[in-house]
Number of protein chains: 2
Amino acid sequence: MSLPRAKLVRNFPGCPVEATLSYLDGKWKGVILFHLMKGTLRFNQLRRKLPAVTQRMLTKQLRELEESGLVSRTVFPVVPPRVEYAMTPLGMTLKPVVDALAAWGDDYVFCSPEGRELRMSSGGLHAPASPLQAG
Amino acid sequence: MSLPRAKLVRNFPGCPVEATLSYLDGKWKGVILFHLMKGTLRFNQLRRKLPAVTQRMLTKQLRELEESGLVSRTVFPVVPPRVEYAMTPLGMTLKPVVDALAAWGDDYVFCSPEGRELRMSSGGLHAPASPLQAG
DNA sequence: CCGCATCCTAGGGGATACTG
DNA sequence: CAGTATCCCCTAGGATGCGG
């Protein structure tokens, strides 16, 4: 009753980064949060945003997010069924994280000019620097 | 020669968040970056920072980070061997991301007062709100 | 529309031992 | 010190089908 931390903290990670990442673990949690940040979505709406996700996996990851207290699941007892997913207040505290993730993806993975510049000059793969850059 | 993007982008993710997370994928990459952000480290120095990591896994994850261009590996041809790992310029662009991850972990996973408040009030697990909070 | 149950596989990741 | 090489297990995650 006084220990929601036990649920939230999964395997007592030693480092704050590790801790946070444990909640984003799984192939789809990050993207789910990213979309839910922008507003409540029904199951199939969410599914359409994630073209590659399986029904099973979407359900599973949503349940885990719910169990972590990051996402709320609201069932409307109507027919056909209507289930809405939304960020909880706790979930919303992840916004800076998700924003940072999204920003980096935009800048350095998708084809922006600055991203390409840096990729060239950092040269991990091609350009040997001073002593012995491994291959 | 003009396509480092092919190496960097692994499976052409559809969303920037997904893209970024694909580089943090694996059990240890986040923590590795977290520690390397603070400065260059030798293999065993890094290992001591990650008490639970296996030699094999540390090597593997470092190689993947290197291949992504986020981390550089410098071999000094001396005996005993000396290998230093450091962030590349591209890797350093992840600092805002890693900082955000670390901050959230500190605030909401480790036992800070605000974190506990929010966990109680967001009540994903216990407190039914209006219609039917699932259980 | 939303989701569970079942079956199945690839590969992530641990343990341990050996090398330059 | 900084790795490879083996073996082996486990489970994340895909495919498919049923049900309210």
Side-chain angles (χ1 to χ4, degrees), chain A residues 10-14 18 21-32 35-36 40-68 71-86 131-135, chain B residues 10-14 18 21-32 35-36 40-68 71-86 131-135:
Chain A
R10 300 197 182 179
N11 41 5
F12 303 94
E18 195 182 349
L21 284 176
S22 71
Y23 296 99
L24 282 342
D25 197 30
K27 209 172 173 180
W28 308 101
K29 297 221 184 75
V31 210
I32 292 173
H35 288 298
L36 286 183
T40 300
L41 287 174
R42 299 182 53 177
F43 185 83
N44 276 359
Q45 290 178 319
L46 202 45
R47 190 140 91 111
R48 277 186 285 275
K49 306 258 186 190
L50 281 54
V53 80
T54 303
Q55 218 169 23
R56 193 177 99 92
M57 284 321 294
L58 184 54
T59 305
K60 200 180 166 202
Q61 309 260 344
L62 281 167
R63 288 295 145 82
E64 291 180 19
L65 287 170
E66 190 194 357
E67 195 181 4
S68 303
V71 161
S72 71
R73 173 171 178 271
T74 309
V75 178
F76 294 88
V78 298
V79 40
R82 175 194 185 88
V83 182
E84 286 188 352
Y85 293 92
L132 282 179
Q133 293 291 346
Chain B
R10 298 195 185 183
N11 42 5
F12 303 94
E18 194 181 350
L21 285 176
S22 71
Y23 296 99
L24 282 342
D25 198 29
K27 208 173 175 179
W28 308 101
K29 297 218 184 81
V31 210
I32 292 174
H35 289 297
L36 286 183
T40 300
L41 287 174
R42 298 181 55 176
F43 186 82
N44 275 359
Q45 289 179 320
L46 203 45
R47 190 138 91 110
R48 277 186 285 273
K49 306 260 185 188
L50 282 51
V53 80
T54 304
Q55 219 169 22
R56 193 178 97 93
M57 283 321 295
L58 184 54
T59 304
K60 200 180 165 200
Q61 308 261 345
L62 281 168
R63 289 293 145 82
E64 292 178 19
L65 287 171
E66 190 194 357
E67 195 181 3
S68 303
V71 162
S72 69
R73 175 171 178 268
T74 309
V75 179
F76 294 87
V78 298
V79 40
R82 177 194 184 87
V83 180
E84 286 188 352
Y85 293 92
L132 281 179
Q133 293 291 344

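By convention in this document, chain letters (A, B, ...) are assigned in the order of the sequence lines, proteins followed by strands, and residues within each chain are numbered from 1. Just so we're clear, the structure is a prediction, and the values are computed from it rather than from any experiment. The basis for the numbers below is simple: all heavy atoms, side chains too, and nothing from hydrogens, waters or symmetry mates.
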Separation of B:Q61 atom CD from C:dG11 atom P, in whole Å?
-> 16 Å
At how many degrees, to 10°, do the end axes of the helix from C:dC1-D:dG20 to C:dG20-D:dC1 meet when each uses five pairs?
-> 50°
When A:P81 and A:W28 are each assigned the nearest nucleotide of DNA chain D, the 5'-most assignment goes to A:W28
With sequence neighbours excluded, residues passing side-chain contact (heavy atoms from CB on, under 4.5 Å) with B:V78 | B:F76, B:R82
Hey, can you pull the residues of residues 47-54 of chain B with a non-hydrogen atom under 4.0 angstrom from DNA chain D?
-> none
Nearest whole angstrom, please: distance from the P of D:dT11 to the CD of A:E64.
-> 13 Å
Do A:E84 and A:L41 touch side chain to side chain, with heavy atoms closer than 4.5 Å?
-> no
What is the distance, rounded to the nearest whole Å, between atom NZ of B:K27 and atom C1' of C:dG12?
-> 9 Å
Distances under 3.5 Å only, N/O to N/O: pair up the protein atoms with those of nucleotides 3-10 of chain C.
{"residue": "C:dG3", "atom": "OP1", "partner": "A:R63", "partner atom": "NH2", "Å": "3.0"}
{"residue": "C:dG3", "atom": "OP1", "partner": "A:R73", "partner atom": "NE", "Å": "2.9"}
{"residue": "C:dG3", "atom": "OP1", "partner": "A:R73", "partner atom": "NH2", "Å": "2.7"}
{"residue": "C:dG3", "atom": "OP1", "partner": "A:Y85", "partner atom": "OH", "Å": "3.0"}
{"residue": "C:dG3", "atom": "OP2", "partner": "A:Y85", "partner atom": "OH", "Å": "3.0"}
{"residue": "C:dG3", "atom": "N7", "partner": "A:Q55", "partner atom": "OE1", "Å": "3.4"}
{"residue": "C:dG3", "atom": "N7", "partner": "A:Q55", "partner atom": "NE2", "Å": "3.4"}
{"residue": "C:dC4", "atom": "OP1", "partner": "A:R63", "partner atom": "NH1", "Å": "2.5"}
{"residue": "C:dC4", "atom": "OP2", "partner": "A:R63", "partner atom": "NH1", "Å": "3.3"}

Quick one: CG on A:L46 to CG on A:L36, what's the gap to the nearest 0.5 Å?
-> 5.0 Å
Test side-chain hydrogen bond (donor to acceptor under 3.5 Å, both in side chains) applied to B:Y85 and B:R73, B:H35, B:Q45, the passing residue | B:R73
What is the distance from CE of B:M57 to P of D:dA2, rounded to the nearest Å?
-> 19 Å
Upstream residue (5' side of DNA chain C) when A:Q45 and B:G26 are each assigned their closest nucleotide = A:Q45
Are A:V83 and A:R42 close enough, and set up right, to give a side-chain contact (heavy atoms from CB on, under 4.5 Å), and what steps lead you there?
-> CA-CA 6 Å; A:V83 182; A:R42 299 182 53 177; over 6 Å; no
Which whole-number value in Å describes the distance from B:L41 CG to D:dC1 P?
-> 15 Å
A:V53: side-chain contact (heavy atoms from CB on, under 4.5 Å) partners, not counting sequence neighbours = A:W28, A:R47, A:L50, A:M57, A:L58
Closest approach of A:Q61 and A:D25, non-hydrogen atoms and distance?
-> OE1-O, 3.9 Å
Identify the two heavy atoms, one from A:A86 and one from A:T40, that lie closest to each other, and give their separation to 0.1 Å.
-> CB-OG1, 3.4 Å
Rounded off to whole Å, could you give me the CZ-to-C1' distance for the A:R82 and C:dC2 pair?
-> 13 Å
What's the CD1-P distance between B:I32 and C:dG13, to the nearest Å?
-> 11 Å
The single option from A:L65, A:V71, A:L21 that satisfies side chain to side chain contact (heavy atoms under 4.5 Å, CB included) with A:K29 is A:L65
Over how many whole Å does the gap from B:F76 atom CZ to D:dA2 atom P extend?
-> 11 Å
Residues passing the salt bridge (Lys or Arg N to Asp or Glu O under 4.0 Å) test with A:R63, sequence neighbours excluded, are A:E66
Do the non-hydrogen side-chain atoms of A:Q55 and A:F43 ever get within less than 4.5 Å of each other?
-> yes
